[in-house]
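These notes are about the structure you will find just below.
Predicted, not measured: the structure shown is a model, and the values here were computed from it.
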Amino acid sequence: MLAPLVDALRKHVLAASKIHADDTPVPVLAPGNGKTKTGRLWTYVRDERPAGENTAPAVWFAYTPDRKGERPRQHLKNFKGALQADAYAGFHHLYNTGDIYEVACWAHARRKFHDIHAVHASPITTEAIARIGALYGIEEEVRGKPAELRRSTRQARAKPLLDDLRSWLEKSLRTLSAKSETAGAIRYALSHWRALTRYVDDGLLEIDNSAAERALRAVALGRKNYLFAGSNSGGERAAAIYSLVGSAKLNGMDPERYLRQVLTRIAEHPINRIDELLPWNIDNSLQNCDSIAA
């Protein structure tokens, strides 16, 4: 019953020129043996508000029984634009044709230095964290501003910091054992440098993939309240509900109220007007119905 509405969400998300993507494991009951297997919930987020755009934000979740690279390829077969994600190898083949290009995540790169720093702080990890923090300080100032202003500010202020950071990382790497964890963190940043710095050239892009990570928090909380999905079809239904609830939250709606409105109306709602039940449309649709009734 909810499938057409979730499909409308999917189309809205994938119509963007930039989306955020991530995935997380979900336990699923394996048929026949009473044990669980590991499925995946993939999240794809459209949110252009940090760049001053007023297009409605939305999130689409998809369930798959595994984490094969063919899964995101199927999900994104009609998408063209920037994909902001971590360095999961299953995404790499998406960039081969040029229709989709990679935007990496500075939060992910920073986390590698932070995790080392938390166990064994060093001058290199301390400085790496501080230098990345300066990039985030610039982003705080331009969040919600128009894309062109974001781009020009980044070009003037972030680009010189990034150029210096790259030189410093290369110099620091030469002082470290190739087997050290800090060297590994530096190699990660340098090997993904083009994708990590692409945000400087486009004001619509973000410095990190926090939008997708925030969307997955609901799944992490859900895992504390249920043991597993009962089947693959149960995983698909969970993905549908997460899509609707997550999109309602992004649009400032109470998810329970939104779902109640949808479930009350969807059975008799014309399929060719399913977009009226999307979170950012449903209140206007109700108001219009009330006006007609009056």
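For the pair Asp86 (side chain) and Cys105 (backbone), a donor-acceptor distance under 3.5 Å is absent. Looking only at distances, no side-chain donor or acceptor of His20 sits under 3.5 Å from a matching main-chain atom of Ala85. Asn251 places a side-chain N or O within 3.5 Å of a backbone atom of Ser247 that can act as its donor or acceptor partner. Between the Thr125 side chain and the Ala121 main chain, no donor and acceptor come within less than 3.5 Å of each other. Judged by distance alone, the side chain of His269 and the main-chain N or O of Arg273 form a donor-acceptor pair under 3.5 Å. A donor-acceptor pair is defined here as one N or O able to donate and one able to accept, closer than 3.5 Å; no such pair exists between the side chain of His117 and the backbone of Phe113. Under the 3.5 Å distance criterion, the side-chain polar atoms of Arg157 are left unmatched by any main-chain donor or acceptor of Ile138. Put simply, the side chain of Tyr44 never gets that close to the backbone of Asp22: no donor and acceptor are under 3.5 Å apart. Remark: the backbone N or O of Lys171 is not paired with any side-chain donor or acceptor of Thr175 at under 3.5 angstrom. Of the possible polar contacts, one joining the Trp106 side chain to the Leu196 backbone as a donor-acceptor pair under 3.5 Å is found.
Linking ILVMFWY residues whenever their side-chain heavy atoms come closer than 4.5 Å, directly or via other members, leaves Val13 and Leu204 in distinct clusters.
Ring geometry, Tyr88 versus Phe91: the interplanar angle exceeds 60°, so the pair is classed perpendicular (tilted spans 30 to 60°). Ring orientation note: the planes of His75 and Trp60 are nearly perpendicular, at an angle over 60° on the 30°/60° scale.
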Checklist line | CA sep, side-chain torsions, deciding dist, call: Tyr63, Val28, side-chain contact (heavy atoms from CB on, under 4.5 Å) | finding: CA-CA 11 Å; Tyr63 168 81; Val28 181; 3.3 Å; yes

Next item on the list: Mind running salt bridge (charged side-chain N to carboxylate O under 4.0 Å, His left out) on Arg198 and Asp202 for me, showing each step along the way?
Entry: CA-CA 7 Å; Arg198 191 166 261 138; Asp202 187 341; over 6 Å; no

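In this structure, Ile19 and Leu76 have side chains that are in contact, with non-hydrogen atoms separated by less than 4.5 Å. Under the 4.5 Å side-chain criterion, counting only non-hydrogen atoms from C-beta, Glu70 is not in contact with Gln74. Using a 4.5 Å cut-off on side-chain heavy atoms (C-beta onward), Leu169 and Leu165 make contact. Between Arg40 and Arg71 there is no side-chain heavy-atom pair separated by less than 4.5 Å. Between Ile186 and Trp168 the shortest side-chain heavy-atom distance does not fall below 4.5 Å. Put simply, the side chain of Arg194 does not reach to within 4.5 Å of the side chain of Glu102, judged on heavy atoms. Taking the side chain as every heavy atom from C-beta outward, Glu181 and Lys112 never approach each other to under 4.5 Å. With a 4.5 Å cut-off on side-chain heavy atoms, Ile274 and Pro4 count as touching.
For Glu170 and Arg166, the salt-bridge test passes: some basic side-chain N is under 4.0 Å from an acidic carboxylate O. Salt bridge Arg49/Glu53: absent, no basic N to carboxylate O contact under 4.0 Å. Under 4.0 Å is where a charged nitrogen must lie from a carboxylate oxygen, and between Arg143 and Glu141 no such pair does. Using a cut-off of 4.0 Å between Lys/Arg side-chain N and Asp/Glu carboxylate O, Glu213 and Arg111 are scored as salt-bridged. Between Arg265 and Glu268 there is no salt bridge, since no side-chain nitrogen of the basic residue lies less than 4.0 Å from a carboxylate oxygen of the acidic one.
Side-chain contact, Ser231 with Ser233: a donor N or O sits under 3.5 Å from an acceptor N or O.
When the shell of 6.0 Å around CD of Glu236 is examined, it contains more than 12 heavy atoms from other residues, nucleotides or ligands. Residue Lys249 qualifies as open at atom NZ: its count of foreign heavy atoms under 6.0 Å is 12 or below.
Taking all atoms of both residues into account, the shortest heavy-atom contact from Phe61 to Ala215 is CZ-O, 3.4 Å. Pairing each heavy atom of Gln155 with each of Asp201, the nearest pair is NE2-OD1, 2.8 Å. Closest non-hydrogen pair, Leu41 versus Ala239, comes out as CD2-CB, 3.7 Å. Arg150 and Gly144 get closest at one heavy-atom pair: NH1-N, 4.2 Å. Contact record, Asp23 with Arg67: OD2-NE, 2.8 Å, taken as the closest heavy-atom pair.
Between His12 and Trp280, the ring center distance clears the sub-6.0 Å criterion.
From Gln261, atom CD reaches atom CD1 of Ile266 across 12.5 Å, with rounding to the nearest 0.5 Å. Taking CG from Asp115 and NE2 from His120, the interatomic distance works out to 15.0 Å, rounded to the nearest 0.5 Å.
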